[in-house]
2 protein chains.
Amino acid sequence: MPTQRRARSRTFEEVLAQIEHRIATMGLTVGDRLPGERQLAEQLQVSRSSVREALRVLETLGVLSSQVGRGPDAGAVLTSHPTTPLTDLLRLNLGLATLTEQEIIATRLMIEQWSAAHHSTAASLRTMGEALAAMDTAAAPEEFVDQDIAFHVALVDAAGNRLNSAIMRALRNALRQYAVEAVTRLGHTRDLQADHRRIYEAIAAGDTTASVTAVTQHLARAYPSTAIG
Amino acid sequence: MPTQRRARSRTFEEVLAQIEHRIATMGLTVGDRLPGERQLAEQLQVSRSSVREALRVLETLGVLSSQVGRGPDAGAVLTSHPTTPLTDLLRLNLGLATLTEQEIIATRLMIEQWSAAHHSTAASLRTMGEALAAMDTAAAPEEFVDQDIAFHVALVDAAGNRLNSAIMRALRNALRQYAVEAVTRLGHTRDLQADHRRIYEAIAAGDTTASVTAVTQHLARAYPSTAIG
DNA sequence: GACCAAATATGGTCTGACCATACACCGCCG
DNA sequence: CGGCGGTGTATGGTCAGACCATATTTGGTC
């Protein structure tokens with residue numbers, strides 16, 4: 001009587017399980033193709049609609065990309081774009097008021113502090129430097145923010161954790177408009193750039209403690225209304 | 001008539017945008033219902049298949065739940081289960097070898113350290129204590145691991161960041177089997193419980209530094225083959 | 001050999017039908 | 001009057017078949 005909602009076994013879920021099973025047993029990975037929708041429906045003895053719903057789920061999760069037409073690039077190809085579903089997830093939950101900007105900002109600070117303490121690759125330093133220079137010449141707030149995102153994403157990329165990188169990209173995507181408005185309203189790009197330079201220098205010098213401190217102070221300035229620490 | 005669209009956008013994506021627009025403008029939130037599939041298709045002048053694919057996307061992202069039948073609880077209801085898509089995302093990317101267990105473990109350590117440093121609510125302490133006791137009497141490794149998950153999830157919940165909580169749950173879900181095998185193989189539940197007690201005491205005492213240290217040492221023991229720190 | 005037209009394979013969409021489920025409604029009976 | 005049971009109905013789930021849009025492949029023509 002408590003209206004116990006039992007998960008019905010829907011056809012598309014069975015298709016989903018079959019596809020996942022193929023990925024596991026056949027060792028499929030990014031770049032490999034799945035059979036066509038009609039062929040898959042035939043093989044699994046289900047309708048094409050059910051196959052399509054399963055493929056839509058995989059596409060939503062960023063592991064599949066469908067291309068129309070004909071040839072080697074057509075059809076359903078396995079990919080990996082974990083940032084896309086994460087961004088959608090954050091945007092929707094913000095819209096539903098089941099997540100707040102402050103929570104996202106707190107997670108951002110956590111990841112950046114961790115990244116500043118774990119930077120290892122030198123390759124990302126060049127990307128950070130390029131974004132730094134581009135911010136100096138940025139005309140519009142949108143342009144500045146996009147380069148700011150590139151700078152901070154590169155910082156996280158430098159730590160070499162793809163999960164954190166995907167989350168970081170999603171966070172910045174979801175709050176991009178927030179950042180544009182903040183820059184437009186406050187316009188303290190000079191201060192922000194000074195922070196960026198301190199972060200860059202600390203990273204380049206390999207000074208972990210200084211890097212974490214610089215990141216923390218920068219975010220405190222970027223989100224003055226948010227109690228972070 | 002939907003066949004004259006020259007835009008790259010597919011019909012179900014247009015439906016998706018319309019639904020999201022309704023959520024934003026009508027202030028819909030968790031618990032609110034969407035019109036039926038047929039009615040939605042009529043309103044938007046698209047086929048029911050396209051509506052269904054859009055709803056499937058929302059369901060995949062954990063913000064919609066469909067129930068058959070009739071009555072107030074039937075139909076498409078807005079929800080918020082961010083852990084579900086995150087778990088799927090991790091599992092699929094592990095299967096595709098685009099993410100490693102090590103990366104997930106590193107993110108877990110990051111979140112737990114952060115949580116240990118930011119614990120604020122006392123309500124979760126009771127949950128942690130109950131899980132602690134349950135682990136003492138756990139017979140099978142699966143039972144121990146489930147209570148271990150409850151303990152660590154409660155630790156993160158105590159920090160009050162729903163995004164981090166959702167990520168933490170997904171991490172543990174994705175690596176649950178890994179944990180069961182580790183406990184079965186190593187069987188050092190006594191050491192782990194000693195760690196748990198140290199964490200619990202430090203949290204209860206409000207000693208942030210000790211909490212972080214205890215969490216760090218615990219994870220180092222739990223994942224001996226992983227270079228963490 | 002270069003170029004253009006037809007064939008074809010692929011995903012995208014639509015229509016209409018039928019099934020399974022679970023509540024709503026209503027009439028019967030106590 | 002009130003509970004109880006059968007029937008109606010709205011809902012999602014699935015299927016079959018058709019047609020469209022797109023992009024490559026194929027093959028014929030100059």
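Every chain is numbered from 1 and lettered A, B, ... according to where its sequence line falls, protein lines coming before strand lines.
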| message | Using the side-chain contact (heavy atoms from CB on, under 4.5 Å) criterion, which residues pair with B:Leu94? Sequence neighbours excluded. | response | B:Glu101, B:Ile104, B:Leu175

| task | Check side-chain contact (heavy atoms from CB on, under 4.5 Å) between A:Asn173 and all other residues, then give those that pass, not counting sequence neighbours. | result | A:Thr83, A:Thr87

| request: Hey, can you tell me if A:Phe151 and A:His196 have their rings parallel, tilted or perpendicular (30° and 60° cut-offs)? | output: tilted

| said: Can you measure A:Leu40 atom CG to C:dG12 atom P for me and round it to whole angstrom units? | reply: 14 Å

Report all interatomic pairs (protein N or O, nucleotide N or O of nucleotides 14-16 of chain D) with separations under 3.5 Å.
from	atom 1	to	atom 2	distance (Å)
D:dT14	OP1	A:Thr11	N	2.1
D:dT14	OP1	A:Thr11	OG1	2.7
D:dT14	O5'	A:Thr11	OG1	3.4
D:dC15	OP2	A:Ser47	N	3.1
D:dC15	OP2	A:Ser47	OG	3.0
D:dC15	OP2	A:Ser50	OG	2.8

| task | Remember a base hit wins even if backbone is also touched, and classify B:Gly69 as base, sugar-phosphate or nothing at under 4.0 Å, heavy atoms. | result | base

| message | Give me each pair satisfying ring-ring contact (aromatic ring centres under 6.0 Å, His included) with a member in residues 161-183 of chain A, each pair once, sequence neighbours excluded. | response | A:Tyr178-A:Tyr223

| Are there more than 12 heavy atoms of other residues, nucleotides or ligands under 6.0 Å from atom CD of A:Glu42? | no

| task | Look at the side chain of A:Arg70 against the base of C:dT8 and say whether a donor-acceptor pair falls under 3.5 Å; ignore hydrogens and angles. | result | yes

Distances under 3.5 Å between nitrogen or oxygen atoms of protein and nucleotides 3-7 of chain D:
none

| field | Summary of salt bridge (charged side-chain N to carboxylate O under 4.0 Å, His left out) pairs that have at least one residue in residues 67-90 of chain A, sequence neighbours excluded | value | A:Asp88-A:Arg91

| Integer-rounded Å distance: C:dA9 C1' and A:Leu34 CG | 16 Å

| field | Integer-rounded Å distance: D:dA10 P and B:Arg38 CZ | value | 10 Å

| field | Sequence-distant partners of A:Ser80, side-chain contact (heavy atoms from CB on, under 4.5 Å), two or more places apart | value | A:Val30, A:Pro82, B:Asn93, B:Thr98

| query | Between atom CD in B:Glu42 and atom C1' in D:dT11, what is the gap in whole Å? | reply | 17 Å

| note | Whole-Å distance, B:Asp73 CG to C:dT21 P, equals 18 Å

| task | Please list, chain by chain and in numerical order, all residues satisfying side-chain hydrogen bond (donor to acceptor under 3.5 Å, both in side chains) with B:Arg52, sequence neighbours excluded. | result | A:Glu53, B:Glu37

| task | Give the rounded distance in Å between these two atoms: CD of A:Gln67 and P of D:dT24. | result | 10 Å

| Partners of A:Arg176 by side-chain contact (heavy atoms from CB on, under 4.5 Å), sequence neighbours excluded? | A:Glu142, A:Val145, A:Asp146, A:Ile149, A:Val180

